[in-house]
Amino acid sequence: SNIAGVGLEYDALYLPDSGFLSPRKLCDHYADGLDVRLNSKVERLSDLNADIIIIACGNALKDFEETKDLPIQSVRGQITQVKQTSVSAALKCNLNYGGYCTPSLKGTHTIGATFQRWLDHSDLLPDDDTDNILKLSAVTPQLAKNMEAIHSRASLRCASKDHFPIVGRLEEYPNIYISAAHGSHGIISSFAAARLIADMILDRPYSQSMPTVRCLSPQRFSNPK
């Protein structure tokens, strides 16, 4: 409780080297200096004139002939932004509890996120905002007290049937690579996947062990061991 700045109802682990970040700012940083073209629909991969193609488009894998049979599924998630209160303003670190609550940034906390395999839309649901606040309240009631939802965002995560990312080269297409199905942990696993794909393209030692590479491979579904 002293470390967090707010009273916690349960014992907890403190990870001093952990943190949180803005995905938008991180993507802007990595895209700096690149030729980024948005809203450019690709009907067929064969229309692309490129030495290397990396498919990193989540559930849109189903739109391409080459990847439509990969066993992926949508998992809906909604996050909620809430106004800080006099109590929550004292929160000094990220809380994770089956959900998460960030410290206040410009007077706003982000809490989330729902996990719904049975929904395939990104419509905003008021009940999900309530659910996010209730999950926080179960861990630290005083922190969640009087919290008011002011903004929400819902998206569809992409997950595989075995809950492991799909990363690597498509066996039948020497120049096509995939980074997909990162589920709710993509902010970490997608960067490890990018490093691994770069290793493959440049023919350098892999940054992951061979058992891990085989578990990530798109071929694991067509060539089960």
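Computed over heavy atoms, backbone and side chain alike; hydrogens, waters and symmetry mates excluded. Residue numbers start at 1 and run along the sequence shown.
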Requested in this report: In sequence, state the C-alpha distance, the side-chain angles, and the governing distance for Gln73 and Arg157, and then conclude on side-chain contact (heavy atoms from CB on, under 4.5 Å).
Outcome: CA-CA 8 Å; Gln73 61 181 341; Arg157 309 173 183 94; over 6 Å; no
Nearest-0.5 Å distance that lies between atom [atom1] in [X] and atom [atom2] in [Y]:
X: Lys92; Y: Ser104; atom1: NZ; atom2: OG; value: 14.5 Å
X: His151; Y: Leu124; atom1: NE2; atom2: CG; value: 7.5 Å
X: Glu43; Y: Asp63; atom1: CD; atom2: CG; value: 9.0 Å
X: Thr102; Y: Asn96; atom1: OG1; atom2: CG; value: 10.5 Å
X: Ile53; Y: Leu48; atom1: CD1; atom2: CG; value: 4.5 Å
X: Ser190; Y: Arg195; atom1: OG; atom2: CZ; value: 14.5 Å

For [X], look at atom [atom1] and say whether over 12 heavy atoms of other residues, nucleotides or ligands are found less than 6.0 Å away.
X: Lys62; atom1: NZ; answer: yes
X: Asn2; atom1: CG; answer: no
X: Arg24; atom1: CZ; answer: no
X: Ile188; atom1: CD1; answer: no
X: Glu65; atom1: CD; answer: no
X: His121; atom1: NE2; answer: yes

Taking the side chain as C-beta and beyond, is there a heavy-atom pair between [X] and [Y] under 4.5 Å?
X: Thr212; Y: Leu196; value: no
X: Val139; Y: Leu95; value: no
X: Ile55; Y: Glu66; value: no
X: Gln84; Y: Lys106; value: no
X: Ile166; Y: Phe221; value: yes
X: Val82; Y: Leu136; value: no
X: Ile178; Y: Leu70; value: yes
X: Val75; Y: Ser184; value: no

Using the rule that two of Ile, Leu, Val, Met, Phe, Trp, Tyr join whenever any of their side-chain heavy atoms come within less than 4.5 Å, decide whether [X] and [Y] are in one cluster.
X: Trp118; Y: Leu156; value: no
X: Ile52; Y: Tyr206; value: yes
X: Tyr100; Y: Ile111; value: no
X: Phe115; Y: Ile79; value: no
X: Leu8; Y: Ile133; value: yes

Exercise: identify the closest heavy-atom pair between [X] and [Y]:
X: Ile72; Y: Gly58; value: CD1-O, 4.1 Å
X: Ser160; Y: Ala181; value: N-CB, 3.6 Å
X: Ala31; Y: Val36; value: CB-CG2, 4.0 Å
X: Ser179; Y: Ile197; value: CB-CD1, 3.9 Å
X: Gln208; Y: Ala192; value: NE2-CB, 4.1 Å
X: Asp129; Y: Thr80; value: OD1-OG1, 2.6 Å

Query - Criterion side-chain contact (heavy atoms from CB on, under 4.5 Å) on Asn94 and Ser18, from CA distance to verdict - result: CA-CA 9 Å; Asn94 203 60; Ser18 64; over 6 Å; no
**Report entry** Qualifying ring pair (Phe, Tyr, Trp, His ring centres under 6.0 Å) pairs, either residue in residues 30-62, two or more places apart
**Finding:**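 Every pair satisfying ring pair (Phe, Tyr, Trp, His ring centres under 6.0 Å) with a residue in residues 30-62: Tyr30-Phe191.
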Query - Modelled atom types, side-chain donor and acceptor of Asn146 and Thr85, under 3.5 Å - result: no
Query raised in the report: Yes or no on side-chain hydrogen bond (donor to acceptor under 3.5 Å, both in side chains) for Ser207 and Asp199, after CA distance, side-chain angles and deciding distance?
Result: CA-CA 7 Å; Ser207 50; Asp199 295 337; 2.8 Å; yes
Sidechain-backbone polar pair: [X] side chain, [Y] backbone, donor-acceptor under 3.5 Å:
X: Thr108; Y: Gln81; answer: no
X: Asn132; Y: Gln78; answer: yes
X: Gln219; Y: Glu171; answer: yes

Query raised in the report: Can you list the steps and then say if Ile187 with Leu21 is a side-chain contact (heavy atoms from CB on, under 4.5 Å)?
Result: CA-CA 9 Å; Ile187 201 66; Leu21 52 80; 3.9 Å; yes
**Report entry** Option passing salt bridge (Lys or Arg N to Asp or Glu O under 4.0 Å) with Asp128 (candidates Lys135, Arg76, Arg153)
**Finding:** Arg76
Report task. Name all residues meeting the side-chain hydrogen bond (donor to acceptor under 3.5 Å, both in side chains) criterion together with Asp35; count only those two or more places apart in sequence or in a different chain, and write none if there are none. Result -> Arg37
Query raised in the report: side-chain contact (heavy atoms from CB on, under 4.5 Å) between Arg169 and Ile201: does it pass, once the steps are laid out?
Result: CA-CA 9 Å; Arg169 183 175 62 84; Ile201 293 171; over 6 Å; no
